[in-house]
Amino acid sequence: MDIPSKYNPKETEEKWYKFWEENGFFHAEVNSEKKPYTIVIPPPNITGILHMGHALNNTIQDIYIRFKRMQGYETLWMPGTDHAGIATQNVVEKKLRAEGKDKESMGREKFLDEVWKWKEDYGSTIITQLKNLGCSCDWPRTRFTMDDGLSEAVREVFVKLYEKGLIYRGNYIINWCPRCKTALSDEEAQHRDVDGVLYYIKYPIVTKDEGRRTKDDKDHVVVATTRPETMLGDVAVCVNPRDKRYKHLKESSVILPVLNRELKVIFDSKVDPKFGTGVLKVTPAHDPVDFELGVTHGLEPVNIMNDDATINEAGDRFKGMDRFEAREAIIDELKERDLFVKSEPHRHAVGHCYRCHTMVEPRLSKQWFVKMKPLSKPALQAVKKGRIKFYPKRWTKVYINWMENIRDWCISRQIWWGHRIPVYYCKACIQKSQIPNPKSQINSKSQIPKEEGTVVSKVKPEKCPACGSTELEQDNDVLDTWFSSWLWPFSTMGWPEKTKELDYFYPTDVLVTAQEIIFFWVARMIMAGMEFMNDIPFRDVYIHGTVRDDTGTKMSKSLGNIIDPIDVINQFGSDALRFSIISITAQGQDVFLSPQKFEIGRNFANKLWNASRFVLMNLKEDMVKRDLCQTASDPALSLADRWILSRFYQMLDIFSKNLASYRINDAANKIYEFIWHEFCDWYLEMAKLTIEEAHTQITIYKVLEKSLRVLHPIMPFITEDIWQRLPKEHGDKSIMASSWPHAQKAFISKKIDADMQLVIQIIQAIRNLRATWRIEYNKDVDVFIKAGKKGVVSSIEKCSTYVKKLARVSNISISDTVKKPSHAALAVIEDIEIFIPLEGVIDLEKEKKRLSDKLDGLLSELKAAEAKLKNKNFVSKAPEEVVKKARERKESISTEVVSLRKNLKLL
RNA sequence: GGGCGGUUGGCGCAGUUGGUUAGCGCGUUUGCUUGACAUGCAAAAGGUCAUAGGUUCGACUCCUAUACCGCCCACCA
């Protein structure tokens, strides 16, 4: 049988991937004969390129898909990408800017054409890369969140939720990214600790009743703020009603410095007297707490910022300045007017845009929201009742905690790329209607009144249902990308149509994802599944760790600490990447990567390749086409044969159990251990003795062939390549279409394991003696074994050929009563004694001399070490570490002396 | 402020319900080009499992506290 001496991953991977894809092995169809097994891919975004997180995530999914496929399930792995509204728009805008164009002058239609064109050109990079990784996705079913079908699902959901009163439009404080110029959801604003400054500013007091002022009262209050520029929008100052320090302010108002506006003093328990000075400036348009205060105290918000966070006309002479510029300018002015008290460093968490990392601005604006509380209830129940299980379990608590404190979801985005909100406004009706005063509606239980002149519809209505006007305009905003992703498990299968796919493949079996995405996606998918499918979207959620570099920092493009999976694939091969990353990722733990970690997989692939080469070089085709079960009863089977079969079936059992409990690294390491340290290190070496014989031929073939099948989900390419070179006793065209090995408990024998264990221990003991006594590696020795009480004479005798071969022994004498030969080396295993007579094997005199020379050297070293430690100056003055080391050194010398003396005695 | 994770030989990590000798990879030392493999083989050195208590016949494993590192969530301006 023909096999190259070097494994070439690149060539192999291309060849077999093409073979699998062309032969339709990835494709799943509704099949009533088989049970379905479904995974939906967490859709990567079209601007993305494959990173290590993807590599880990998709390797895990591919392992399960291949495993279940071999177990006879109809496996669907649904692939796709998401349109990543903000990210993609940013990328295309940047590209256009480089070409001297901008989206405003192009207009919406033309700009969107450009984005679609960009998507055609670059949007499938990641798909190609997933193929390089070996992913066996059902590519003909590939979906995109802006496909017609999925867009239809989005509109359907919007209308349904609106009609149920779960979608509303309102004026609230939202997170605003001044760079992307759009609203963000709470999840999209990522809190990061920032070294800020807390500024203390005087607000002069205007007292209506001068007579009530005492002499001690100051003529101002001091307000502490981290964002002085927002004072342009102040409408009040607020203190805690129980704060005695500020009782005198009851009838007063204060003057807003800089703008000289008169501000009310209000009292509210929301203010923490312990923070700053206990006086809060109230800026309803630019802070969520202040907004709430504004609502309860009936204050009209003053919006001071444009959409790019520059100051608008409400900021008077600061108009046009950037928010940070304005901050400086205001502080300067306050200092000039002696209204500035002090500033102190203040570390606090500030939201940042998750797409461009710009500091987000809390901003009052009119947006669309989803009311989440009603949706969260069934989703919470599904997890609490155990219908959906998290692995590792601890994420359950994180999920429940978030769900129980869920807040309304801001879903409108002021960008163009995405699903345009299916809402139409009738110009005539809107003019007639009054926009209601903002009330604190977030999480409120009351029904939200629908605005007049607003038509929510999947298709553009011909005319306004109220007044009949045809002047209808669609909302300019688009929906949050996650508003389409949360429907993914069913929208990809044709929902809202009742398709046979949905019926068969839904709910899916497992969702594999990273922790960052639990709130963005997992939680919302569960809510959507319960609401629209009336069923859970998946049964298991496996949360794997985050991929970090070897210093523990999260890998990210901006930090430049990326290890590109494609580089690793080019250098070591996809199998090596897959095996390595799986093997070092313990369940749910973060994984720290460095380039050399991928050598694990490369070396393993090399080992497997060479072992297979050895087998193929020695295999006789006509001898292996036999049934293993028939062979099992063959008395000719040797101890080694029986042992490796016993070990294989134990490994198989543990491997499957580990996969079932999402302990994938354990599974990977189990097969690694088996192939390398049992099959190669021991079985192949022993099999060399009887390689011509039928029992060895069949065993070696079966164990290799089955091991390849077990390893295939993790290392699909190399296993396919070797498998194809094996003699064909099976009709399968591909290993990926072959069946998973059946568990055969009958082959597992603890007795066989123990017998072999003894043989291995004896061989290791003899090798150890050979090394310590410096016996030339190719010199055969005689061995005397005194068997202990356990009566192992016959069992050792039976396998003495193994000992002879693997430990280079010419003669073995075993009995219960062997006497210690003179000048013999001794090893002990429990009550078994092993002797090697050294006369004639090594030069005894020379060895004696070598050892006593060494002993002399050690003794003088010991003397010196002892003297050093007796030196009081050294012990008291030298650093503790040094003294400790000296002590340890002394200890190790004395133990060496003891063993050397013992060995000398033997000579 | 709340929650979670980690602390195991020089380095990076496993250790599933508490049970004989705590494993793996890298690195180190020694020997080996042995007809599958030097991306390898053989042998070896190296750990009081962060600290202090507790439960138990028995604790790396369970409980309590402490320390350090890291992550997530959060409207103290």
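Below, read A as the first sequence line, B as the second, and so on, with proteins coming before strands; counting in each chain starts at 1.
Between A/Arg347 and A/Asp195 there is a salt bridge, since at least one side-chain N of the basic residue sits less than 4.0 Å from a carboxylate O of the acidic one. A salt bridge is absent between A/Glu229 and A/Arg323; no separation between the charged side-chain nitrogens and carboxylate oxygens falls under 4.0 Å. Note on A/Glu776 versus A/Arg770: no salt bridge recorded, every NZ/NE/NH1/NH2 to OD/OE distance being 4.0 Å or above. A salt bridge links A/Arg725 with A/Asp721: at least one charged nitrogen is closer than 4.0 Å to a carboxylate oxygen. Ion pair A/Glu673/A/Arg647 not flagged as a salt bridge, since none of the NZ, NE, NH1 or NH2 atoms sits closer than 4.0 Å to an Asp/Glu carboxylate oxygen.
Counting any heavy atom pair closer than 4.0 Å across all strands shown, A/Lys688 reaches a base atom. Backbone-only contact: A/His677 has heavy atoms under 4.0 Å from sugar-phosphate atoms and none from a base. A/Asp590 comes within 4.0 angstrom of nothing in the nucleic acid, heavy atoms only. Note on A/Ala349: a base of the nucleic acid sits closer than 4.0 angstrom, heavy atoms only. A/Leu280 comes within 4.0 angstrom of a base, heavy atoms only. If you check every strand for non-hydrogen atoms under 4.0 Å, A/Ala611 touches a base. A/Phe604 comes within 4.0 angstrom of no nucleic acid atom, judged by non-hydrogen atoms across all strands. Residue A/Glu776 is classed as having no contact, given no heavy-atom separation below 4.0 Å to the nucleic acid. Across all strands shown, A/Gln587 has no heavy atoms under 4.0 Å from either base or sugar-phosphate atoms. Looking at heavy-atom distances under 4.0 Å, A/Trp773 makes no contact with the nucleic acid at all.
Annotation: B/rC11 and B/rG53 have their C1' atoms spaced 32 Å apart (nearest Å). Using atom C1' as the reference point in both B/rU7 and B/rA45, the two lie 25 Å apart (nearest Å). Distance check on atom C1': B/rC71 versus B/rU51 gives 23 Å, rounded to whole Å. Rounded to whole Å, the C1' atom of B/rU61 lies 30 Å from the corresponding atom of B/rA44. B/rA14 and B/rG5 are spaced 14 Å apart, taking the P atom of each and rounding to whole Å. Across B/rA42 and B/rA36, the matching P atoms stand 14 Å from one another, rounded to whole Å. To the nearest whole angstrom, the two P atoms, one in B/rU66 and one in B/rC4, are 14 Å apart. Annotation: B/rU8 and B/rA77 have their C1' atoms spaced 46 Å apart (nearest Å).
Atom NE2 of A/His544 and atom C1' of B/rC71 are 15 Å apart (whole Å). In this entry the distance linking NZ of A/Lys281 with C1' of B/rC76 reads 14 Å, nearest Å.
A cation-pi arrangement is absent between A/Lys620 and A/Tyr701 under the rule of less than 6.0 angstrom and at most 45 degrees off the ring axis. Remark: A/Arg524 qualifies as a cation-pi partner of A/Trp409 under the 6.0 Å distance and 45° angle criteria applied to the six-membered ring. Because its NZ or CZ atom is not both nearer than 6.0 Å to the ring centre of A/Phe655 and within 45° of the ring axis, A/Lys670 does not count as a cation-pi partner of that residue.
For the pair A/Ile266/A/Cys238, a side-chain contact is recorded, criterion being any heavy-atom separation below 4.5 Å from C-beta on. Within the 4.5 Å cutoff, the side chain of A/Ile654 has no heavy atoms near those of the A/Phe674 side chain.
For B/rA43, the OP1/OP2 oxygens have no side-chain nitrogen or oxygen of A/Arg774 closer than 4.0 Å.
Not less than 6.0 angstrom separates the ring centroid of A/Tyr683 from the ring centroid of A/His677.
Heavy-atom nearest nucleotides on RNA chain B were determined for A/Ile763 and for A/Ala586, and the one closer to the 5' end corresponds to A/Ala586. Where A/Trp402 and A/Glu599 each meet RNA chain B at their nearest nucleotide, the meeting point lying more 5' is that of A/Glu599.
Here the nucleotide nearest the side chain of A/Lys397, chosen from B/rG3, B/rU39, B/rU16, is B/rG3. With B/rA74, B/rU34, B/rG3 as the candidates, the nucleotide lying closest to the side chain of A/His191 is B/rA74. Distances were taken from every side-chain heavy atom of A/Asn768 (C-beta onward) to each of B/rA36, B/rA44, B/rA14; the shortest belongs to B/rA44. Comparing atom distances between the A/Arg394 side chain and each of B/rU39, B/rA74, B/rC4 picks out B/rC4 as nearest. Residue A/Val289 places its side chain closer to B/rC75 than to any other of B/rC13, B/rA14, B/rC75. Side-chain proximity of A/Arg767 to the nucleotides B/rA42, B/rA77, B/rA36 is greatest for B/rA42. Nearest to the side chain of A/Leu684, among B/rA43, B/rA36, B/rG5, sits B/rA36. For A/Gln589, whose side chain is taken as the heavy atoms from C-beta onward, the closest listed nucleotide among B/rC32, B/rA14, B/rC37 is B/rA14. Listed nucleotides: B/rC13, B/rG40, B/rC41. Nearest to the side chain of A/Asn603: B/rG40. Distances were taken from every side-chain heavy atom of A/Ala771 (C-beta onward) to each of B/rA36, B/rA43, B/rC4; the shortest belongs to B/rA43.
Interface residues of residues 266-275 of chain A facing RNA chain B, ordered by number: A/Val271, A/Asp272, A/Phe275; criterion, heavy-atom separation under 4.0 Å.
Taking only distance into account, the side chain of A/Glu685 meets the base of B/rA36 through a donor-acceptor pair shorter than 3.5 Å.
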Dot-bracket line, read 5' to 3' along RNA chain B, where crossing pairs take [ ] and | marks a partner on another strand, Watson-Crick or G-U under 3.5 Å: (((((((..((((.....[...)))).(((((.......))))).....(((((..]....))))))))))))....

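For the ring-ring contact (aromatic ring centres under 6.0 Å, His included) with A/Phe579, the qualifying choice from A/Phe604, A/Phe572, A/Phe598, A/Trp676 is A/Phe604, the only one to do so.
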